[in-house]
J.: 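Take this structure, written in structure tokens, and hold onto it; I'll ask about it next.
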2 protein chains.
Amino acid sequence: MNLKELSQNLGLSQTTVSRALNGYPEVSPATRARVEEAARAFNYRPSTRAKGLATGQALAIGHVIPMSSKHEMVNPIFGDFIAGAGETYARHGYEMILSIVDDKNETSVYQGLKSRRAVDGVIVHGPRMNDTRIPLLAKLGLPFAVHGRASGCTVPYAWLDVNNRSAFERATKYLYDLGHRRIALLNGLEDMDFAHRRRDGYMSALTAQGLSVDTSLMRSGEMTELSGYGATREMLARPGAPTAILCSSLISALGVRRAIEEKGLVMGKDVSVITHDDVLSYLKNGEEVPIFTATRSSVRDAGRKLAEMLLQAIANPEAAPCSELLEAELIVGASTGPAPRKD
Amino acid sequence: MNLKELSQNLGLSQTTVSRALNGYPEVSPATRARVEEAARAFNYRPSTRAKGLATGQALAIGHVIPMSSKHEMVNPIFGDFIAGAGETYARHGYEMILSIVDDKNETSVYQGLKSRRAVDGVIVHGPRMNDTRIPLLAKLGLPFAVHGRASGCTVPYAWLDVNNRSAFERATKYLYDLGHRRIALLNGLEDMDFAHRRRDGYMSALTAQGLSVDTSLMRSGEMTELSGYGATREMLARPGAPTAILCSSLISALGVRRAIEEKGLVMGKDVSVITHDDVLSYLKNGEEVPIFTATRSSVRDAGRKLAEMLLQAIANPEAAPCSELLEAELIVGASTGPAPRKD
DNA sequence: AGCTTCATCCAAAGCGCTTTGGGAACTGAT
DNA sequence: ATCAGTTCCCAAAGCGCTTTGGATGAAGCT
């Protein structure tokens, strides 16, 4: 069923039917009701493509998911972020279109989305330091919003980020206050912006307390269970082992715990652990009592909000780019406790 | 830059330019070269919407991700599956459009995709027993392919599935051969088709060996770390505790391991564990030596292949629906060993 | 009555592409 | 020189919608 058929069925012009369905005022209430009724009966929905062609909008948002060609790895937070964003799009009648792209082809994918007029805007995932995508998108004139930030980018842009610096600063301080002096950091990949900020927060808290930064207690890499396990195991085996570990993801925290327990130590007593928790739906941090003390911030919420911001920006192209900095909660769970006394 | 401008620039008609770019023969090689050169120079790409309107194709595939409204849970395998499918789409010039839908609205979402002509076909995720989506899609006449199968659905349809039954049958038999007699099953949600098949395989292997099925050793639910932990902990505390556990996901297997180790037991010695492993990029089952003995089948591969099947079906609407049954590998890792001797 | 105003509706153009149905120019054969 | 057959190109229609610029008639006013 298309507009033409529907209007013929009703004995009306396409103009009138279109206007009736789109809420324009030049249609009598009686006619509008009749049209809406018929549309429902015939299960009519305007073709997105035709509508898009006519209006010049795509009614779609692009999500370009970077996949490191090295690691063939999809960010595990991606599913929940998308779920949040999807809610927003559904509410606004937008579609979400997804491209999985290895980092080499990124430029051409963004150009393609722009020149094929496939989307009205894009969400940028996983920003790196000095991310080249941001100036590129600005140059292309394709509206965009970034999940995170990119230190070093000078053009203004819309973003939504967790205050990673403050979260890790507070977490470090919390461990310090519990008496810990040898605090390790298991961070994400170095060139990711969030990892950089977390390290900043960590180091700033250490120095604020007059502690020196010990690079032998710092690791960065992909955040897998194994990497958490391996790093912890190795650190605990050495002299000067940490009494507390700050960890960037719940997945690697599972590995951290395993290494601790394998050594016959008790998490929260012999070694304290704080992890960042993105509140992933398939990886809950305990039920009532959190297993891990964590800096918590829901990535699904972030998806919802960032999508909203982007739609705003598209509707309102003149406005200056918005941004939002979410504070992570520091929730106390069973994985932290006072530093063990040296006897 | 659009076709009109490009063709004016070249002093050619739109027809000729279109044909040159789409590989039609009625264009001289010289002209074609000139056109292609100009298209590259101006970074011209045809508008997907316009092209779709003109050809009647959407050049897009829909992925409708069901989200249980109860659990607000996105399937963790989803990211990797999508990554695989995305590769295929990119190669064929298709777009992937995603809808996250809670189970209540499913029907209207599929109808919408169909009547708005937004996609050429859809992938059905997470089929349940007697899944209503399959007859619905068949009725709508929207091409589709299912990741998994739906027992009880009588209409023919295209699908790709892991042989869950045989995988769990073999895994159970393997444990039996190692001397295990009390083998537990931690399964996914009961109404999911794959869970049903895995249980079948498990029970069939038990009875084939003359063992009776002990329902107190069977659990089903969402596959989280916590559920694996909780179920294992509880089972190990009881008399008649299992000496081996068959587990439906690597995530819950992590919980299983934790419960085992917490009790001071050694995985692979006191308690053997086999898990299904979807080869998720962010959750590798060890590096050289697998941590867990596992039934392994790459979900990313499944995404690639199923997308290919769907595109085939769309290109060739007359053909009978294809299907493919992938056998999972049974890979031996460190988590299994002979059943402990009762002294 | 004659005029202006509304309230409703419609025909037709246009969005950017593909595709149909020719048309010119050039070949080679008669 | 004529004619059919190629080769290469083009004008225009059409995909399904929105939107512009009226048209029509009823109602209100002088």
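Convention: sequence-line order gives letters A, B, ...; per-chain numbering from 1.
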J.: When the distance from CD of B:Gln8 to C1' of D:dA11 is rounded to whole Å, what number comes out?
T.: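 Taking atom C1' of D:dA11 as the reference, CD of B:Gln8 is at 14 Å.
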
J.: Under 3.5 Å between N/O atoms: give me all the protein pairs with nucleotides 19-23 of chain C, atom names plus distance.
T.:
{"residue": "C:dT19", "atom": "OP2", "partner": "B:Tyr24", "partner atom": "OH", "Å": "2.7"}
{"residue": "C:dT19", "atom": "O4", "partner": "B:Thr15", "partner atom": "OG1", "Å": "3.1"}

J.: Closer to the 5' end of DNA chain D via nearest nucleotide, is it B:Leu12 or B:Arg117?
T.: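 Comparing both residues, the 5'-ward one is B:Leu12.
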
J.: Starting at CG of A:Leu59 and ending at C1' of C:dC15, how long is that distance when rounded to a whole Å?
T.: 14 Å

J.: Taking only the side-chain nitrogens and oxygens of B:Asn22, find out if one of them lies under 4.0 Å from OP1 or OP2 of C:dT18.
T.: yes

J.: Rounded to the nearest angstrom, tell me the gap between atom CZ in B:Arg32 and atom P in D:dT7.
T.: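 The distance from CZ of B:Arg32 to P of D:dT7 comes to 14 Å, rounded to the nearest Å.
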
J.: Pick the closest DNA chain D nucleotide for A:Pro46 and for B:Gly11 by heavy atoms, then say which residue is nearer the 5' end.
T.: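 Here B:Gly11 is the residue nearer the 5' end.
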
J.: If I take atom CG in residue B:Leu10 and atom P in nucleotide D:dC9, what distance separates them, rounded to the nearest angstrom?
T.: 11 Å

J.: Ignoring backbone atoms, establish whether B:Lys51 has a side-chain N or O less than 4.0 Å from OP1 or OP2 of C:dT18.
T.: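 So the side chain of B:Lys51 is within the cut-off, an N or O lying under 4.0 Å from OP1 or OP2 of C:dT18.
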
J.: Take atom CZ of B:Arg45 and atom P of C:dC17, then tell me their distance rounded to the nearest Å.
T.: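 Spelled out: CZ on B:Arg45 to P on C:dC17 is 13 Å.
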
J.: Starting at atom CG of A:Asn2, determine the distance to atom P of D:dG16, rounded to an integer number of angstrom.
T.: 5 Å

J.: Any salt bridge linking B:Arg40 with B:Glu37? Criterion: basic side-chain nitrogen under 4.0 Å from a carboxylate oxygen.
T.: yes

J.: Look at the side chain of B:Leu53 and decide which nucleotide, out of D:dC17, C:dG16, D:dC9, has an atom nearest to it.
T.: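 Nearest listed nucleotide: C:dG16.
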
J.: Which nucleotide sits closest to the side chain of B:Ser47: C:dG16, D:dA11, D:dC17?
T.: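 Closest of the options to the side chain of B:Ser47: C:dG16.
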
J.: I'd like to know whether the aromatic ring centres of A:His63 and A:Phe78 sit less than 6.0 Å apart in this structure.
T.: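 Distance test on ring centres: not under 6.0 Å, no.
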
J.: Rounded to the nearest angstrom, tell me the gap between atom CG in A:Leu3 and atom P in D:dT18.
T.: 6 Å

J.: With a 4.5 Å limit on heavy-atom distance, are the side chains of B:Pro76 and B:Tyr282 in contact?
T.: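 A side-chain contact under 4.5 Å exists here.
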
J.: Are B:Thr31 and D:dC9 close enough that a side-chain N or O sits under 4.0 Å from OP1 or OP2?
T.: yes

J.: Going by side-chain hydrogen bond (donor to acceptor under 3.5 Å, both in side chains), B:Ser151 matches just one of B:Asp131, B:Asn130, B:Asp193. Which one?
T.: B:Asp193

J.: If you look at every heavy atom in A:Ser281 and B:Met73, which pair is closest and at what distance?
T.: O-SD, 3.4 Å

J.: Determine whether B:Tyr157 and B:Arg149 make a side-chain contact, defined as any pair of heavy atoms from C-beta on separated by less than 4.5 Å.
T.: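 Yes - at least one pair of side-chain heavy atoms lies under 4.5 Å apart.
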
J.: Whole angstrom is fine here: how far is it from CD in B:Glu26 over to P in C:dT18?
T.: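 Nearest whole value for this atom pair: 13 Å.
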
J.: Going by an N to O cut-off under 4.0 Å, is there a salt bridge joining B:Arg91 and B:Glu308?
T.: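 Judged by the 4.0 Å cut-off on N to carboxylate O distance, B:Arg91 and B:Glu308 do form a salt bridge.
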
